[in-house]
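Notes follow once the structure below has been shown.
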Amino acid sequence: MALLVVQTLISIRGFKSIKVVATWISLVMAVLLIGMLIYLVTQRTAAFSNRMINVKGTWGPTFWGFVVAFLGNYTAVFESAADYSRELQAGLSNKRRAALYFLPIFIAYGITVLTGALLAVVTGISSPVHAMAHLFNNNLVTVVVSAFIVLGTITTNLVANIIPPTYVLNAWFNLSERKSLIIVALLASLSFPWLLVQDSSSTGLTIFIKTYSAFLGPMTAIILNEYYVKRRKRVDVADLYNNQKVKASIQPIIALFVGAALALMGVNLSWPIGFMMSWLLLWLLGYDKTRTQV
């Protein structure tokens, strides 16, 4: 709860405060993760080689279930980019803008996933805090790692979980940014996040991520199809906010819910199933052939 209060207070001070805090914490986290990755690769090579490389088995549903859970988290950040990209400095080229979006997320996620996977393989423990405590057998290290995980949580929540819904409330209900932030904080507290991160809740949390991934797969397909196929990468941003020129289409709505329903039939593969089914439905419904309104 204290962590939620701290995050809300930082957010109330504006996006510039969020950027400063997130930047410094991210640098510290990057040093920690890279250091841990180097240690695992150089000092624990034999352990993860025996348990991860020289091992018999198949790439079964469990593995792909973890891939879907990863895609669920990553896609949520990707689809929220439009909400905080409004704070980006004007005049940047599309290539530089794409690099600013893609590379930091790709590198950060890549190092985090790889380090976490190696840590779990070496120790046999999925929780990073418990794994490092077991690996180093040092109470001070456990406290330091816990502190870094808290800092990492702050950066993720500020950018990915607080800013997007705040802007949505601000746009839909014409609320001030401060009021929107307070509402988001209250709603977040009702999800009891301190219970969700406990080891006993890990299975249920994973199922929850895979379930909402059933909707994120179709949403991603609709966004990419709209931009690359239907609009041929030509968008008038100003017209998107003109109520007289915007007209809803039924095909994406059908593709979203039908694709999600089909994806829920195989939760461990919900994201790719939803993505492929929704894209196929858009093609069958002739969405790319309908006239673009804006």
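Residues I223 and L256 fall into different hydrophobic clusters, defined by Ile, Leu, Val, Met, Phe, Trp and Tyr side chains chained together at heavy-atom separations under 4.5 Å. With hydrophobic clusters built from ILVMFWY side chains whose heavy atoms lie under 4.5 angstrom apart, F257 does not share a cluster with L264. In this structure, L282 is a member of the same hydrophobic cluster as I253, with clusters built from ILVMFWY side-chain heavy atoms closer than 4.5 Å. A single hydrophobic cluster is not seen to contain both L169 and L186; linkage of ILVMFWY side chains at heavy-atom distances under 4.5 Å, directly or through other members, places them apart. Connection of M219 to M265 is established within a shared hydrophobic cluster, with ILVMFWY side chains joined at heavy-atom distances below 4.5 Å, either directly or through further cluster members.
To the nearest 0.5 Å, the span separating CG on L119 from NE2 on H134 amounts to 10.0 Å. Expressed to the nearest 0.5 Å, how far CD1 of I111 lies from CD1 of I34 amounts to 4.5 Å. To the nearest 0.5 Å, atoms OG (S249) and CD (E226) are separated by 7.0 Å.
Side-chain contact check for Y167 and E177: no donor-acceptor pair (N or O, by modelled atom type) lies under 3.5 Å.
Here the shortest heavy-atom pairing between P218 and A255 reads CB-O, 4.3 Å. The nearest pair of heavy atoms linking T75 to T220 is CG2-OG1, 3.0 Å. The two atoms that bring S278 and A221 nearest to each other are CB-CB, 4.1 Å, heavy atoms only. Contact between V68 and L269 at its shortest, heavy atoms only, is CG2-CA, 3.8 Å.
Proximity of the aromatic rings of F275 and W271 is defined here by a centroid distance below 6.0 angstrom, and this criterion is met.
Of the possible donor and acceptor atoms, none in the side chain of K230 sits under 3.5 Å from a partner among the backbone N and O of N225. Side chain of T123 to main chain of A131: no donor-acceptor pair is present (N/O by atom type, distance under 3.5 Å, no hydrogens or angles). The closest donor-acceptor contact from the side chain of N170 to the backbone of L175 lies under 3.5 Å. S176 places a side-chain N or O within donor-acceptor distance of the main-chain N or O of K179, the cut-off being under 3.5 Å.
For the pair M29/T112, no side-chain contact is recorded, criterion being any heavy-atom separation below 4.5 Å from C-beta on. Using a 4.5 Å cut-off on side-chain heavy atoms (C-beta onward), I250 and L285 make no contact.
Around atom OH of Y212, more than 12 heavy atoms belonging to other residues, nucleotides or ligands sit under 6.0 Å away.
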>> side-chain contact (heavy atoms from CB on, under 4.5 Å), that's the test. Do W279 and I222 meet it? Break it down for me.
In response: CA-CA 7 Å; W279 194 290; I222 293 167; over 6 Å; no
>> Show, in sequence, the C-alpha distance, side-chain angles and deciding distance for L135 and R44, and conclude whether the side-chain contact (heavy atoms from CB on, under 4.5 Å) test is met.
In response: CA-CA 10 Å; L135 188 64; R44 301 284 178 164; 3.6 Å; yes
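Y227 does not carry K233 over the face of its six-membered ring by the limits of under 6.0 Å from the centre and within 45° of the normal.
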